[in-house]
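Every heavy atom of this structure was used, including side-chain atoms; hydrogens, water molecules and symmetry mates were not. Please read these numbers as outputs of a predicted model, since none were measured by experiment.
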Amino acid sequence: MTTSSPETDLGRTRRARRIGRALAETHPDAHCELDHSNALELAVATILSAQCTDKKVNEVTPKLFARYRTAADYAGADRAELEELIRPTGFYRNKTSSLINLGRALCDRYDGEVPGRLTDLVTLPGIGRKTANVILGNAFGVPGITVDTHFQRLVQRWKLTSETDPVKIEHAVGALFPKRDWTMLSHRIIFHGRRVCHARKPACGACTLVKLCPSYGTGPTDPALAAKLLKGPRARDLAAAVGIDPDLVPQQAVVAEVP
């Protein structure tokens with residue numbers, strides 16, 4: 001019986017970059033799914049997104065952003081009023097504390113402006129390394145890798161790293177790709193995790209990464225079954241990209257809320 005040789009570092013890098021190129025073709029619409037128009041709004045939205053879907057956050061933030069426009073507004077917010085506005089996002093008491101304290105810290109230390117450096121961002125209330133990278137990549141154009149649950153699940157399924165600590169995952173995966181690609185790579189991996197490579201039952205038979213994924217077969221490989229697992233407004237396009245009849249994707253999948 002022959003056994004395949006362990007993948008070399010060079011082989012892993014080449015495979016990772018092929019995955020990156022395939023994802024760019026698969027998800028041309030990939031972007032930050034939290035609606036925002038500036039760094040402060042993105043910081044607030046990201047704090048609210050903890051244990052909450054981006055869709056729900058986007059339902060809450062228009063009224064919130066209209067009421068609280070500056071860091072000083074959050075610093076001086078009436079707690080009961082702010083809690084009521086963000087209640088639908090869950091854990092609203094803790095999140096209210098984070099937003100008020102964030103506003104105060106920004107006013108006290110950064111003249112009310114969100115800083116554009118990782119070392120500064122991670123010192124702020126409610127902002128960890130993952131949130132900081134989201135802000136850097138999408139508000140400041142500074143490349144960053146966002147290791148959320150989807151990102152972590154997929155890079156481990158692809159065996160790009162065996163690390164389990166998010167910071168170590170960030171560094172290990174970052175080393176496989178040019179720095180300029182980090183932000184969009186994060187969006188594309190998260191898109192793929194939400195729409196194709198689900199946690200419990202990935203749509204293996206409807207995936208564009210079949211030849212690159214060592215975990216192929218974790219989910220159904222039958223195209224007809226896999227097509228029913230695709231989600232999102234481009235679910236039928238995703239099916240067509242791998243040669244599956246788009247009509248096999250049910251309408252409820254197209255309008256389904258991505259996790």
Side-chain angles (χ1 to χ4, degrees), residues 29-118 120-140 144 146-152 166 183 186-187 190-191 193-195 198-199 231-233 252 254-259:
D29 56 331
H31 62 280
C32 177
E33 295 189 89
L34 291 169
D35 296 340
H36 65 281
S37 61
N38 56 53
L40 177 62
E41 289 184 357
L42 181 55
V44 170
T46 307
I47 288 172
L48 295 181
S49 71
Q51 305 297 313
C52 181
T53 65
D54 289 356
K55 180 180 179 182
K56 179 59 67 176
V57 172
N58 291 338
E59 291 172 0
V60 167
T61 49
K63 188 179 291 187
L64 181 70
F65 294 161
R67 174 68 181 84
Y68 302 94
R69 297 180 180 276
T70 67
D73 290 337
Y74 287 100
D78 176 81
R79 173 174 285 274
E81 179 187 26
L82 183 51
E83 283 184 357
E84 193 57 34
L85 275 173
I86 69 171
R87 180 187 293 265
T89 68
F91 301 96
Y92 61 93
R93 291 191 179 92
N94 288 341
K95 291 177 181 179
T96 294
S97 295
S98 292
L99 294 181
I100 292 173
N101 290 331
L102 173 65
R104 291 172 179 170
L106 290 175
C107 290
D108 291 346
R109 290 190 262 147
Y110 299 104
D111 296 322
E113 299 297 321
V114 176
R117 295 194 313 167
L118 181 69
D120 295 326
L121 285 168
V122 295
T123 69
L124 294 169
I127 296 182
R129 191 178 180 94
K130 181 182 78 172
T131 299
N133 276 324
V134 171
I135 295 168
L136 288 173
N138 297 284
F140 292 101
T146 303
V147 183
D148 74 348
T149 55
H150 300 289
F151 189 102
Q152 182 166 340
T183 299
S186 298
H187 290 324
I190 292 168
F191 256 57
R194 287 174 165 171
R195 290 155 176 79
H198 311 298
K231 287 185 179 179
Q252 60 263 35
V254 177
V255 298
E257 179 178 338
V258 292

Taking all heavy atoms of L124 and all of A105, pick out the closest pair and write down the distance.
CD2-CB, 3.8 Å
Measuring from atom CD of Q51 to atom CZ of F91, what distance do you get when rounded to the nearest 0.5 angstrom?
5.0 Å
Can you check whether V258's main-chain N or O pairs, donor with acceptor, with K55's side chain at less than 3.5 Å?
no
Ignoring hydrogens, what is the shortest heavy-atom contact between R69 and L40? Give both atom names and the distance.
O-CD2, 3.8 Å
Audit row: T61, E41, side chain to side chain contact (heavy atoms under 4.5 Å, CB included) steps and yes/no:
CA-CA 8 Å; T61 49; E41 289 184 357; over 6 Å; no
Salt-bridge present (R67, E84; N to O < 4.0 Å):
no
Under 3.5 Å, is there a donor-acceptor pair between the side chain of K56 and the main chain of G90?
no
What pair of heavy atoms forms the shortest contact from E257 to K231, and how long is it?
O-CD, 4.5 Å
Any chance you could lay out the side chain to side chain contact (heavy atoms under 4.5 Å, CB included) test for F191 and H31, step after step, and finish with the verdict?
CA-CA 8 Å; F191 256 57; H31 62 280; 3.6 Å; yes
From L121 atom CG to F140 atom CZ, the distance as rounded to the nearest 0.5 Å
6.5 Å
Between D148 and F151 the two heavy atoms that sit nearest each other are OD1-N, 2.8 Å
Let's go through Y74 and L106 carefully: what are the C-alpha distance in whole Å and the side-chain angles of both, what is the deciding distance for side chain to side chain contact (heavy atoms under 4.5 Å, CB included) to 0.1 Å, and is it a yes or a no?
CA-CA 10 Å; Y74 287 100; L106 290 175; over 6 Å; no
Check the surroundings of atom CG in D111: do more than 12 heavy atoms from other residues, nucleotides or ligands lie under 6.0 Å from it?
no
Between CG of L64 and CG of L99, what distance do you get to the nearest 0.5 Å?
7.0 Å
Taking every non-hydrogen atom, the tightest pair across C32 and N138:
CB-OD1, 3.6 Å
Return the OG1 to NZ distance between T46 and K130, rounded to the nearest 0.5 Å.
9.0 Å
Identify the two heavy atoms, one from G126 and one from I47, that lie closest to each other, and give their separation to 0.1 Å.
O-CG1, 3.5 Å
For residues F65 and D35, determine if any side-chain heavy atom of one lies less than 4.5 Å from a side-chain heavy atom of the other.
no
Rounded to the nearest 0.5 angstrom, the CG-CG distance for L48 and D54 is 10.5 Å
So for atom CZ, which belongs to R87, do other residues, nucleotides or ligands contribute more than 12 heavy atoms lying within a distance under 6.0 Å?
yes
Student check: side-chain heavy atoms of S97 and R79 closer than 4.5 Å:
yes
For P125, does its backbone N or O pair with a side-chain atom of S98 as donor and acceptor, under 3.5 Å?
no
CZ on R109 to OG1 on T123, rounded to 0.5 Å
4.0 Å
